[in-house]
Amino acid sequence: MKTALYPGSFDPITYGHIDVIKRAANIFDKLTVAVLNNRSKSSLFSVDERVKMIEEIVGDLENVTVVSYEGLLVDYAREMGANVIIRGLRAVTDFEYELQMSQTNRKLSDDEVDTVFLNTDLRYAYLSSSTVREVASFGGDISKFVPKEVAIKVYDKYK
Ligand code: PNS
């Protein structure tokens, strides 16, 4: 049974994340989407709101669960028996940060936890949660970036 962990801030979840979740769920037996509870970073949505939102979107995928975590990712991966971390790679600009993070996680886990990168679908290569927040904060159209139910919640935050 191969279990993978897809961690992130998901503030909010975008079509790019959803595409990675669906593809990873096809590759692995079990996929856990893990929302980081980062107390030192301010976020638009609370962790609970983010978990709920992601559940609403991917709840129909039988082998996917959504959780939140705090602390080191590798500790959480060990706790839940996952030895693969999934990350999406949009462009070369993501590469340095992602490479460093994957190597750090491998070392921290005594070479037990590997990172598997899925290249983001070209349709979403430009997309990020921060872009979504920025556009929405000015009342712009985010319907091409996030599902309708997410867009409603994002606009609500900027009311
Ligand atoms: O969506 P993001 O913000 O790019 O995700 C980054 C995330 C949450 C995967 C990363 O910051 C993380 O795992 N933080 C938890 C702390 C940790 O384990 N740090 C060591 C890896 S460098």
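Every value quoted in this text rests on a predicted model; they were computed, and no experiment measured them. Counting starts at 1 for both ligands and their atoms, following the listed order. Computed over heavy atoms, backbone and side chain alike; hydrogens, waters and symmetry mates excluded. Quick note: residue numbers are just sequence positions, from 1.
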Inset, instruction - Check whether any heavy atom of Arg87 sits under 4.0 Å from an atom of ligand 1. - result: yes
Inset, instruction - Consider only side-chain heavy atoms of I, L, V, M, F, W and Y, link residues closer than 4.5 Å, and tell whether Leu36 and Phe10 are in one cluster. - result: no
Legend entry - Residue Met101 vicinity, atoms of ligand 1 by number, heavy atom under 4.0 Å: 10 (C), 21 (C), 22 (S)
Legend entry - Side-chain H-bond candidate by donor/acceptor type, Asp141 with Ser143, under 3.5 Å: yes
Inset, instruction - Under 4.0 Å, heavy atoms only, figure out whether ligand 1 is touched by the backbone of Tyr97, its side chain, both or neither. - result: side chain
Legend entry - Closest contact, heavy atoms only, His17 versus Pro12: CE1-O, 3.8 Å
Legend entry - Distance from atom 17 (C) of ligand 1 to nearest protein heavy atom, with residue and atom: Leu72 CD2, 3.6 Å
Legend entry - Atoms in ligand 1 flagged as close to Leu36, the criterion being non-hydrogen separation under 4.0 Å: 8 (C), 14 (N), 15 (C)
Inset, instruction - Below 4.0 angstrom from a heavy atom of Gly71, which ligand 1 atoms are there? Numbered from 1 as shown, please. - result: 15 (C), 16 (C)
Inset, instruction - Give a yes or no on whether Lys157 atom NZ has more than 12 heavy-atom contacts from other residues, nucleotides or ligands under 6.0 Å away. - result: yes
Legend entry - Distance from atom 3 (O) of ligand 1 to nearest protein heavy atom, with residue and atom: Ser9 OG, 2.6 Å
Inset, instruction - Determine whether the side chains of Asn37 and Arg50 contain a donor N or O and an acceptor N or O closer than 3.5 Å. - result: no
Inset, instruction - Check whether any heavy atom of Ala34 sits under 4.0 Å from an atom of ligand 1. - result: no
Inset, instruction - May I ask you to check if ligand 1 and Thr104 share an N or O to N or O distance below 3.5 Å? - result: no
Legend entry - Glu149 atom CD, over 12 foreign heavy atoms within 6.0 Å: yes
Inset, instruction - Examine Val66 and Met53 and state if one hydrophobic cluster contains both, with Ile, Leu, Val, Met, Phe, Trp and Tyr joined whenever side-chain heavy atoms are less than 4.5 Å apart. - result: yes
Legend entry - Stepwise side chain to side chain contact (heavy atoms under 4.5 Å, CB included) test for Val132 and Val150: CA-CA 11 Å; Val132 173; Val150 173; over 6 Å; no
Inset, instruction - For ligand 1, note which part of Tyr69 has a heavy atom under 4.0 Å away: side chain, backbone, both or neither. - result: side chain
Inset, instruction - Could you tell me whether some N/O pair between Leu73 and ligand 1 is separated by less than 3.5 angstrom? - result: yes
Legend entry - Per-residue contact class, Asn105 against ligand 1 - non-hydrogen pairs under 4.0 Å: side chain
